[in-house]
Amino acid sequence: MKLSVIVPVYNMADGGRLEYCLDSLVSQSLEEGSYEIIAVDDCSTDDSYEILKRYQEKYPDRFIAVHSEKNHHQGGAKNIGLAMAKGEWLGFIDADDWVVPDYYERLLKKAQDTGADMVGCDYNLTFEHSFKVGEVVHNNNKEQTGVMDHDKYKKLLLETGSLVVKVYKRELILGDYKPGTREKLDVFPEDIFYEDNAVGNTWMIRARHFEYIEEPLYYYYQHDASTVHSISKKNLEDRMTAGRMILSEARDNGYFDEYKKEIEFQYTVLFYVNTLFSAMPKKYKVKDCYNFTKALGKEMKETFPDFQKNLYYQEKIHPEEKKLIGLQMKSHLFFYIYYRLLWFYRDLRSGRKK
């Protein structure tokens, strides 16, 4: 088996989203019998699993429908799929996204031609179910590609890109694991969002040759219910958990010291900066926002006391955000009052105050 594609599914029956994704997978231009689609229903409460079973009946040569009795978020569904995967290569796709008909053929051809063990491409942000090119996002860049060395690893750690918009030689993720030996693996963290962030760095470090096709072959569907557009305390806490896991992954796999500055910056952005400025706007109504953001700042300072001196932080963080962060590091109370007054004033000036 050349390729296994893992599809975690949870409540995707509405509006034909799941079918649009699955149709793009079952019609891939790969040779018949060379790939399998493992779709894992994560205890959906709608008809998602019934849809998966229909695809398995229609495409028994390439489609496997699996049902999890417990909901463990995408990480749990992926762990079930990975335990079954037989492919020499592994790919992932979110159940409301889709890919062009020759997506996997082109990625695998690139690997064959270059000897790469990880291959990616660009993707489209789109609000409609079509193959029209939308807003193109460059998932990686050419400076990261080729046979890996210290400098390329640094660049990949700073900008890993989306993990679903890549394929991986199975050894990078599963080592010498034999398919079907276990019902579930322990690759992704379960019961949290941002599971990809927690493990992605380790995959980057294990790669020996990375290649990249500078074309948008993957379609990333935008809607209000997606994780990146949802702000809740659970969502923010999961982001923080993923940040902590980035550090433990790096230490456990022996690359923390060598790439400390890159990991420090990545942790700072995911764990702290993005969480802080997602929690603060009043429209999201994060419960007990004052104490939540106070604890966030305290943990950031304890974990990396000198994070504001990090060169990547100085170069890449917006000046206004750096100013606000500097205020919080000195006095959370002053920061909180200043932030609220600042945005109250801006709302008044823009006419958006309700």
Side-chain angles (χ1 to χ4, degrees), residues 1-7 24-25 28-38 62 78 81-93 97 99-123 136-179 185 187-188 196-197 199-218 249-250 253-255 258-259 262-263 266:
M1 182 73 65
K2 188 71 173 176
L3 170 71
S4 297
V5 181
I6 314 297
V7 191
S24 79
L25 296 178
Q28 284 292 298
S29 59
L30 291 168
E31 183 179 344
E32 188 175 337
S34 66
Y35 76 108
E36 61 181 0
I37 304 153
I38 305 173
R62 73 197 81 164
K78 290 174 184 176
L82 285 172
M84 303 174 63
K86 300 182 179 70
E88 300 170 32
W89 289 82
L90 301 172
F92 304 89
I93 185 171
D97 298 342
V99 292
V100 297
D102 60 350
Y103 174 69
Y104 289 109
E105 180 182 3
R106 292 189 62 182
L107 294 184
L108 294 176
K109 178 69 163 51
K110 187 74 168 179
Q112 180 181 332
D113 292 345
T114 62
D117 53 5
M118 182 171 70
V119 182
C121 67
D122 294 332
Y123 61 89
V136 177
V137 176
H138 297 292
N139 197 41
N140 289 104
N141 61 71
K142 291 295 184 182
E143 292 182 355
Q144 299 170 317
T145 63
V147 176
M148 301 304 294
D149 56 24
H150 184 77
D151 188 56
K152 285 181 168 57
Y153 282 130
K154 286 168 61 175
K155 289 182 170 65
L156 265 178
L157 289 175
L158 286 171
E159 298 181 40
T160 58
S162 175
L163 264 66
V164 296
V165 195
K166 292 181 178 71
V167 292
Y168 309 85
K169 206 72 180 291
R170 74 177 285 122
E171 290 79 12
L172 298 185
I173 302 174
L174 301 181
D176 59 359
Y177 169 77
K178 304 299 181 187
L185 298 182
V187 174
F188 289 94
D196 287 357
N197 297 86
V199 301
N201 285 348
T202 299
W203 300 2
M204 302 301 112
I205 291 295
R206 288 174 182 166
R208 293 293 173 261
H209 186 151
F210 172 57
E211 288 294 338
Y212 159 67
I213 299 172
E214 197 171 354
E215 292 182 47
L217 309 177
Y218 185 107
E249 275 279 310
N253 288 279
Y255 57 87
E258 186 172 0
Y259 300 102
E262 289 74 28
I263 293 165
Q266 191 183 58

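In this text the structure is predicted, and so the values were computed from the model without any measurement. Residue indices begin at 1 and follow the sequence shown.
Atom NZ of Lys78 and atom CG of Leu90 lie 12.0 Å apart (nearest 0.5 Å). Here the OH-NZ distance, from Tyr35 to Lys86, works out to 15.5 Å after rounding to the nearest 0.5 Å. The distance from the CG atom of Leu108 to the CG atom of Leu30 is 6.0 Å, given to the nearest 0.5 Å. With values rounded to the nearest 0.5 angstrom, Met148 atom CE is found 4.0 Å from Leu156 atom CG. Separating the OH atom in Tyr103 from the CD1 atom in Ile213 is a distance of 9.0 Å, to the nearest 0.5 Å. Atom CE of Met84 and atom CD1 of Ile38 lie 5.5 Å apart (nearest 0.5 Å).
No side-chain heavy atom of Met204 sits less than 4.5 Å from a side-chain heavy atom of Tyr153. Looking only at side-chain heavy atoms (C-beta outward), Phe92 and Asp196 stay at 4.5 Å or farther from each other. You'll find the side chain of Tyr212 stays beyond 4.5 Å of the side chain of Lys110, heavy atoms only. Considering only heavy atoms from C-beta on, Leu157 comes within 4.5 Å of Ile205 through its side chain.
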**OP:** Show your reasoning for whether side chain to side chain contact (heavy atoms under 4.5 Å, CB included) applies to Ile93 and Val164.
**Re:** CA-CA 5 Å; Ile93 185 171; Val164 296; 5.6 Å; no
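At least one cation-pi condition fails for Lys152 and Phe210: the charged atom is not both under 6.0 angstrom from the six-membered ring centre and inside a 45 degree cone around its axis.
Asp122 and His138 share a side-chain donor-acceptor pair at under 3.5 Å. Side-chain contact of Gln266 with Asn201: a donor-acceptor pair under 3.5 Å is present, judged by distance alone.
For the pair Asn253 (side chain) and Glu249 (backbone), a donor-acceptor distance under 3.5 Å is present. Of the possible donor and acceptor atoms, one in the side chain of Gln28 sits under 3.5 Å from a partner among the backbone N and O of Val100.
Closest approach of Cys121 to Leu107, counting heavy atoms only: CB-CD2, 4.2 Å. Across every non-hydrogen atom of Arg206 and Asp117, the tightest pair is O-OD2, 4.3 Å. In plain terms, the two heavy atoms of Ala85 and Arg170 that are nearest each other are O-NH1, 3.1 Å. For the pair Ile6 and Leu82, the tightest heavy-atom approach, listed with the atom from each and the gap, is CD1-N, 4.0 Å. The heavy-atom pair separating Glu36 from Gly87 by the smallest distance is OE2-N, 3.9 Å. Considering every non-hydrogen atom in both Leu163 and Tyr168, the closest pair reads O-OH, 2.7 Å.
Within 6.0 Å of the CD atom in Glu171, the count of heavy atoms belonging to other residues, nucleotides or ligands exceeds 12. At most 12 non-hydrogen atoms from other residues, nucleotides or ligands lie less than 6.0 angstrom from NZ of Lys178.
Taking the six-membered ring where the residue is Trp, the centroids of Phe188 and Trp203 are separated by under 6.0 Å.
In this structure, Tyr218 and Tyr123 have perpendicular ring planes: the angle between them is above 60°, well past the 30° mark.
In this view, Asn140 and Gln144, Lys166 satisfy the side chain to side chain donor-acceptor pair (under 3.5 Å) rule, not counting sequence neighbours.
A salt bridge links Arg106 to Glu215: one of the charged nitrogens lies within less than 4.0 Å of a carboxylate oxygen.
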